[in-house]
Amino acid sequence: MKDAEQKHLWWQEGVIYQIYPRSYQDSNGDGVGDLQGIIQRLDHIKSLGIKAIWISPIFSSPMADFGYDISDYCDIHPLFGTMDDFDELLQAVHERDMKLILDLVPNHTSDEHPWFKESRSSKDNPKRNWYIWQDANADGSEPNNWLSVFGGSAWEWDEKTGQYYYHAFLKEQPDLNWRNPEVQEAMLNVMRFWLDKGVDGFRVDVMWHMIKDDQLRDNPVNPNYKAHQATYEKLIPAYSTDQPEVHDIVHKMRRVLDSYDERMMIGEIYLPIHKLMTYYGTDKNGAHLPFNFLLLSIDWDATEISSNINQYEGALPDGGWPNWVLGNHDQPRITSRVGKAQARVAAMLLLTLRGTPTIYYGDEIGMRDVPIPPDEIQDPQGLNMPGLNLSRDPQRTPMQWDNSENAGFTQSKPWLRLPEDYRRVNVKAQLEDEFSIYALYKRLIKLRQDEPALHIGSYRPVVATGPLLAYLRYTGEQRFLILLNLSHKPCHFAPEHFSFEGTIVIDTLPEREGGKVRKHVSLSGDEGMIIRLNTA
Ligand code: GLC
């Protein structure tokens, strides 16, 4: 069946927007963003043309990993507000015909979670087997060589009960034992709790970590490890992640979602393409969208990107819906990776590729990573591995709303500092500037949503040379040619085996819009254009 003939759902047709709630909008003057703050800013999101909002964790948590260490899955952290605030947010999102996606963190809890407190209380506690406890080796050493993503060993010794427990992240984030059916049921009930409230879906944290090798075999050494990398990279996590049994768990989660109407699940998965694809499940019983992080990791190079798009497109299972990401709270911002001018080209790429785009808050105004002095670092990943420049604080700084004190984010001292130039780089200034990156984002999203060729149409690569990335998006009679110059220097597109004629509808150089092009076209450095091709 052709794409355009299928029924498409909201999470296929629309654009997703990620909010890091600590940094979006503070409403009560404590320097940290909150749910009422998000409510105040929903009209910004709506007017950008967003369909669904994903919010990073807002649940009860000691905040060792800023909310990714949860101590109660069914309650809201007071920093963010109350359950009433949440209900109000959900209603306000739905009233604007948008959807709300929550972060689900099933791999690990906080060490303050009552489940873990019980589990660690004694070896014969009924919840002992809810986590991964192991005896020491005969010489007292750790059960195996597994490392924590955040540095050091993944095993923590518990003096009281004389065993180690496993934590893929901080020692304050013990991993749940997903081989235990009681754990499975408890987490599926967490999903049901939020789905019953009307939440539209989940972004599932570290989905590929959920089950570990049942024999806990040693991970092999990574021969390509480089000293500038995180210590975790010293080993290949062959036995601690991406185990075949994980798919049974994902399938169970999917079944819960399918028992409701049009709910969905995104999986956070950092794996090569062929492994990523397995998370769609067999016969569509896996994640709706296994996050595609290709654009975060590959070089900003036309040949590299084009070949990765083709590999990804080619590897998708039947009926598997693609998706694309340029940034998130764990990765350097796109503007800092490729520069201001290319960030516009990147926006055009993200919003014209086939599949659901996810925009990280602030990218729509070209926010950059903010330099955070060493004595202000808050991120445990940065603090645990000093000197490796791994802190994620720079990409988590407060949203820059206007040119008032603290960028309109808070009335007091923000939890992370703002950049020096926020009085120039902010939403308000860009709303008044028709050439701003914000204006470009908004127009790209509108065109995408207006044109079926762009939001549900097919994709076909077009051969191009040098720094040029070229492809077609089409459905029925409608065809768009997208040309992206990934370099700062001018280039020329004159395809040998492909003739075209059309009108430029959006250009990073807006002066060119409305212009007619035929057979060949020259592009300035950092220029991207969307050409509506004439119908035959
Ligand atoms: C995911 C989150 C990241 C967090 C980690 C541990 O990768 O995106 O922010 O630190 O999981 O929960």
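Ligands are counted one by one from 1 in listed order, and the atoms in each one are counted from 1 as well.
Remark: ligand 1 atoms within the under-4.0 Å shell around heavy atoms of Val206 are 1 (C), 7 (O), 11 (O). Distances below 4.0 Å separate heavy atoms of Arg392 from the following atoms of ligand 1: 3 (C), 4 (C), 9 (O), 10 (O). Near Arg396, meaning under 4.0 Å from one of its heavy atoms, ligand 1 places the atoms 9 (O).
The shortest contact between atom 2 (C) of ligand 1 and any protein heavy atom is with Asp205 OD1, 3.1 Å. The nearest heavy-atom contact from the protein to atom 7 (O) of ligand 1 is Glu268 OE2, 2.8 Å. The protein heavy-atom contact nearest to atom 8 (O) of ligand 1 is Asp330 OD2, 2.5 Å. With respect to atom 4 (C) of ligand 1, the closest heavy atom belonging to the protein is Asp65 OD2, 3.3 Å.
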Evaluation steps, side-chain hydrogen bond (donor to acceptor under 3.5 Å, both in side chains), between Gln395 and His329: CA-CA 6 Å; Gln395 58 264 32; His329 63 294; over 6 Å; no
Residues Trp300, Gln342; criterion side-chain hydrogen bond (donor to acceptor under 3.5 Å, both in side chains); working and verdict: CA-CA 9 Å; Trp300 201 249; Gln342 279 293 314; 2.8 Å; yes
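With a 4.0 Å cut-off on non-hydrogen atoms, His108 touches ligand 1 through its side chain and not its backbone. With a 4.0 Å cut-off on non-hydrogen atoms, His167 does not touch ligand 1 at all. The side chain of Phe150, and not its backbone, has at least one atom closer than 4.0 Å to an atom of ligand 1 (non-hydrogen atoms only; side chain from C-beta on). Of the heavy atoms in Met207, none comes closer than 4.0 Å to ligand 1.
Distance check: Phe293 CZ to Leu276 CG gives 9.0 Å after rounding to the nearest 0.5 Å.
Taking the six-membered ring wherever Trp is involved, the centroid distance between the rings of Trp146 and Tyr166 falls below 6.0 Å.
A cation-pi arrangement, defined by a distance under 6.0 Å to the six-membered ring centre and an angle within 45 degrees of its axis, is present between Arg354 and Trp321. Judged by the 6.0 Å distance and 45° axis criteria, Arg254 is not positioned over the aromatic ring of Tyr279.
Note on Glu268 versus Arg203: salt bridge recorded, some NZ/NE/NH1/NH2 to OD/OE distance being below 4.0 Å.
Residue pairs meeting the salt bridge (Lys or Arg N to Asp or Glu O under 4.0 Å) criterion with at least one partner in residues 142-161, sequence neighbours excluded, are Arg120-Asp158.
Not a single heavy atom of Gln381 sits less than 4.0 Å from an atom of ligand 1.
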